[in-house]
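Start at 1 and go down the list; that is how both ligands and their atoms are numbered.
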Amino acid sequence: MSSSIFRDSLLGGKVAVITGGGSGINLGIAKRFAEHKARVVLIGRKQEKLDAAIAEITAAGGVAMGLSADVRDFAALGIVFAKTREAYGEIDIVICGAAGNFPAPAIGMSANAFKAVVDIDLLGTFNTCRAAYEHLRKPGASIINISAPQALAPMLFQSHVCAAKAGVDMITRTLAMEWGPTGVRVNSIVPGPTADTEGMRRLAPSPESAEKLKQFVPLQRFGTKDELADLAVFLCSDAAAYITGAVVLCDGGQSLVGSGVWTQALMGK
Ligand code: COA
């Protein structure tokens with residue numbers, strides 16, 4: 001069990017569905033939710049990856065299952081949410097974390113390449129929220145959409161992700177307004193540079209490049225998956241009962257500095 005700022009179980013009895021839950025930041029959130037006594041359902045494209053993640057969570061004493069579906073497939077999501085409800089009851093938490101990315105200049109990208117990322121990140125987020133809606137606990141359910149710094153500031157070679165994630169934050173705000181009257185909260189988390197993630201491995205492949213990038217973060221370090229997970233716990237807990245439609249940054253102040261340094265890293269400078 002990893003160390004948490006919270007001493008008590010804040011999500012006892014809750015049911016949480018997490019897309020893209022088989023790895024990275026989303027798996028970190030899943031593990032933390034299980035530690036806080038939520039029953040966790042991981043959704044991903046590859047069953048073997050989900051099985052490995054579920055084995056890890058259950059070995060640590062958590063309750064979890066994995067269901068394979070592609071967030072681009074609305075019908076498949078409908079089946080997954082129906083199965084979750086059948087197994088665990090009404091759904092309290094949905095984390096829309098499934099995402100795809102690759103750095104490419106616009107002229108190095110086909111229309112299909114742009115569409116692939118928009119389909120996963122933006123349409124996938126809408127599909128997940130929409131398919132979940134009829135199964136959500138009302139009032140009380142909480143949705144978190146995982147956004148990105150690219151939603152806030154343009155970044156070279158990221159036209160697809162910038163467009164998709166800005167759209168994700170607008171889904172957050174719109175659904176917060178539309179679903180607020182039913183007692184469903186919707187928020188975004190914007191992770192900053194986070195250690196031990198695929199994104200940072202690509203941006204800072206060597207210890208030297210990582211040290212260089214850290215100097216441009218006001219807190220002078222990368223964040224951790226545990227810190228993001230604790231933010232997700234807070235936003236989904238009763239402690240955040242009056243927070244909806246918020247885009248919450250967990251980035252060590254990186255957004256204050258801007259995206260130029262990351263652009264330089266992508267350009268290999
Ligand atoms: N540069 C330019 N185009 C690229 C590319 C790259 N680095 N990588 C993929 N593409 C293009 C493909 O050529 C294809 O376009 P085409 O049909 O015109 O040839 C299009 O993108 C779709 O690729 P495909 O591999 O068929 O899509 P997919 O649905 O299997 O994969 C991706 C989606 C491309 C986003 C893939 O990177 C992915 O699944 N990533 C998931 C993991 C991930 O990105 N994690 C990081 C999250 S921050």
* **CG-CD distance between Asp251 and Glu227, expressed to the nearest 0.5 angstrom** => 11.5 Å
Tabulation required: pairs of a nitrogen or oxygen in ligand 1 and a protein nitrogen or oxygen under 3.5 Å; columns are atom names and distance to 0.1 Å; otherwise 'none'.
residue, atom, partner, partner atom, Å
ligand 1, 15 (O), Ser110, OG, 3.3
ligand 1, 17 (O), Asn112, ND2, 2.9
ligand 1, 18 (O), Ser110, OG, 2.5
ligand 1, 29 (O), Arg72, NH1, 2.8
ligand 1, 29 (O), Arg72, NH2, 3.2
ligand 1, 39 (O), Arg45, NH2, 2.8
ligand 1, 44 (O), Asn101, N, 2.9
ligand 1, 44 (O), Asn101, O, 3.3

* **Under 3.5 Å side-chain donor-acceptor pair for Ser188 and Ser147** => no
* Asked: Is there a donor in the side chain of Asn145 and an acceptor in the side chain of Thr125, or the other way round, less than 3.5 Å apart?
  -> no
* Asked: So do Leu67 and Leu42 actually touch side chain to side chain, heavy atoms under 4.5 Å?
  -> no
I'd like a table of donor-acceptor pairs (distance under 3.5 Å, sequence neighbours excluded) in which one partner is a side-chain atom from residues 159-168, with atom names and distances.
residue, atom, partner, partner atom, Å
His160, NE2, Phe102, O, 2.8
Lys165, NZ, Ile146, O, 2.9

* Tyr133 six-ring centre to Lys138 NZ/CZ under 6.0 Å and within 45° of normal -> yes
